[in-house]
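Report on the following structure.
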Amino acid sequence: MSRTVVLLRPLGLGGFLTGVPAYRAIARAFPNHRVLLAAPRELQALVRLCGAIDDTIDTQPRDPLNARLQQADLAVDLQGKGPRSHRVLLDSKPCELFAFANAEVPESASGPPWDENEHEVARWCRMLRWFGIAETESDLYLDVPADPRFAGSVIVHPGASAESRRWPLARWVATIAKLRKRGAPVVLTGSHRELERCLRIADAADVPRERVLAGELDLAQLASTVASASAVICGDTGIAHLATATTTPSIVLFGPTPPSLWGPPQLSMHRVIWYGGTGDPHGDVIDPSLRAITVDDVLRQFDALFASHAIAETG
């Protein structure tokens, strides 16, 4: 029977991508084990590009683990500080658990303390170091084939999973209109749920419908589109991490969550706009810090990227 390591990270796109250095460190540390990721099925295409995971087992937050994930040699909690996620793993009866210490879960007592103010990439790397696993925080990048159909485009991604992280629609329209006047070939991306929002923006900014890709791309296709782009402009959401993973320059608008926790690591290639507030990233009202960001703020950062030659000349 093969030896296994189970990694629990049943999160979305951004959660998956910020965990890449940890997955790779574990794969290097356990070369004779099968590394299984407990995560949503739709991430599978990107998991293959990561090169550190043998299989993905469809798992949603709070789900008990699939039978294939039971009795692992090692279970690693990459979801949170517990106790719920710790217990999900312990219920699968692993031989060993790597996790942050939680007073409610005695089996986690050997783990490191949790730090609320730690960047999401650094957090899991520090936990692995605590358990003696060498890691590289900068090991974030994926080798993604570019899609030549959208080479040089400026991707605008106006959506996010919560209203608190959605910049006002009218400001997206104004930003895109000004970019198009400069000759920038804009495409809009988003999920199927965001299609209507993207179409409204496109119509108001005079973007041709064929350049609205919302709802049309799976994650592998989205990654290829990002890899081919000259820049990404978006809120604090998963595509920002795809820009990091594909080394595509980006401008990321932050609101309730500080960029020190979820922002891009290389600010020479990426620019963040944040007015310093914090709030609920899952809230149903736009965060005041995000609302404070103006169209001119975004265009200034775009110009700064252009001036630093991070964005190829378009138009």
Side-chain angles (χ1 to χ4, degrees), residues 11-18 80-81 114-123 140 154-179 186 188-191 193-194 197-198 200-201 204-205 214 226 231-245 248-308 310-311:
L11 306 177
L13 176 59
F16 168 74
L17 291 170
T18 50
K81 60 183 177 180
W114 179 268
D115 181 355
E116 293 285 354
N117 298 312
E118 196 164 24
H119 192 281
E120 187 68 9
V121 174
R123 169 174 290 127
L140 284 162
V154 175
I155 294 175
V156 174
H157 189 94
S161 61
E163 190 64 32
S164 60
R165 290 181 283 119
R166 293 178 191 145
W167 201 42
L169 186 148
R171 296 186 200 176
W172 285 117
V173 171
T175 300
I176 292 169
K178 291 186 177 183
L179 289 173
V186 172
L188 281 88
T189 60
S191 67
R193 293 190 304 273
E194 293 162 345
R197 178 181 177 84
C198 288
R200 288 175 62 194
I201 291 169
V226 171
V232 172
I233 306 175
C234 62
D236 172 22
T237 192
I239 196 171
H241 301 284
L242 265 183
T244 295
T248 300
S250 69
I251 299 165
V252 188
L253 286 59
F254 279 83
T257 301
S260 60
L261 301 183
W262 282 89
Q266 294 183 0
L267 293 183
S268 60
M269 181 174 290
H270 309 285
R271 303 298 173 100
V272 301
I273 308 174
W274 181 56
Y275 274 95
T278 58
D280 179 4
H282 309 293
D284 56 9
V285 177
I286 184 172
D287 184 83
S289 293
L290 183 59
R291 186 183 290 279
I293 296 172
T294 67
V295 172
D296 285 343
D297 288 334
V298 175
L299 294 172
R300 274 195 297 271
Q301 292 301 330
F302 186 87
D303 290 340
L305 277 180
F306 192 97
S308 68
I311 295 177

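Numbers for residues simply follow the sequence, beginning at 1. These values consider heavy atoms only, across backbone and side chains, with no hydrogens, waters or symmetry-generated copies. Computed from a predicted structure; not experimentally measured.
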State, with a plain yes or no, whether a side-chain heavy atom of Pro264 is found less than 4.5 Å away from one of Val272.
-> yes

So, do Leu169 and Arg197 sit near enough that their side-chain heavy atoms are less than 4.5 Å apart?
-> yes

Is the closest side-chain heavy-atom distance between Trp172 and Leu188 below 4.5 Å?
-> no

Counterpart residues, side-chain contact (heavy atoms from CB on, under 4.5 Å), relative to Glu194 (two or more places apart) | His157, Ser191

Note, Trp114 side chain near Arg123 side chain (heavy atom, < 4.5 Å) | yes

Least distance between heavy atoms, Ile293 atom then Trp167 atom | O-NE1, 3.0 Å

Can you check whether Thr175 reaches Phe302 side chain to side chain, under 4.5 Å on heavy atoms?
-> no

Qualifying salt bridge (Lys or Arg N to Asp or Glu O under 4.0 Å) pairs, either residue in residues 160-169, two or more places apart = Glu163-Arg166

To the nearest 0.5 Å, how far apart are CG in Asp280 and OG1 in Thr257?
-> 8.5 Å

What are the two closest heavy atoms between Pro281 and Ala162, and how far apart are they?
-> O-CB, 3.3 Å

Kindly determine whether Arg271 and Val298 satisfy side-chain contact (heavy atoms from CB on, under 4.5 Å), including the steps that lead there.
-> CA-CA 9 Å; Arg271 303 298 173 100; Val298 175; over 6 Å; no

Nearest non-hydrogen partners of Leu17 and Leu242, listed with the distance = CD1-N, 3.5 Å

Value rounded to 0.5 Å, distance of OG1 in Thr189 from CD1 in Ile239 | 3.5 Å

Euclidean distance, Leu13 CG relative to Thr237 OG1, rounded to 0.5 Å = 7.5 Å

Is any side-chain heavy atom of His270 closer than 4.5 Å to a side-chain heavy atom of Val252?
-> no

What is the distance from atom CD of Gln301 to atom CD1 of Ile233, rounded to the nearest 0.5 Å?
-> 10.5 Å

Not counting sequence neighbours, which residues clear side-chain contact (heavy atoms from CB on, under 4.5 Å) with Pro258? List them please.
-> Ser260, Leu261, Trp274, Thr278

Here the pair of heavy atoms bringing Asp296 nearest to Lys178 is OD1-NZ, 4.1 Å

Could you grab the distance from atom CD1 of Ile201 to atom CZ of Arg171, nearest 0.5 Å is fine?
-> 13.0 Å

Testing Cys198, Pro168, Cys234 for side chain to side chain contact (heavy atoms under 4.5 Å, CB included) with Pro158, which one passes?
-> Cys198

So, for Gly255 and Ser289, which heavy atoms are closest and what is the spacing to 0.1 Å?
-> O-CB, 3.8 Å

Shortest non-hydrogen contact from Ile176 toward Ala205 | CG2-CB, 3.7 Å

From Ile286 CD1 over to Leu290 CG, what is the distance, rounded to the nearest 0.5 angstrom?
-> 4.5 Å

So, are Arg300 and Asp303 salt-bridged, with charged N and O less than 4.0 Å apart?
-> no

Is the shortest heavy-atom distance from the side chain of Trp262 to the side chain of His241 under 4.5 Å?
-> yes

With no hydrogens and no angle check, is any side-chain donor or acceptor of Ser164 less than 3.5 Å from a backbone partner on Gly283?
-> yes

Answer whether the closest heavy-atom distance between the side chains of Pro265 and Leu140 falls below 4.5 Å.
-> yes

Judged by atom type as modelled, is there a donor-acceptor pair below 3.5 Å linking the side chain of His119 to the main-chain atoms of Gly263?
-> yes

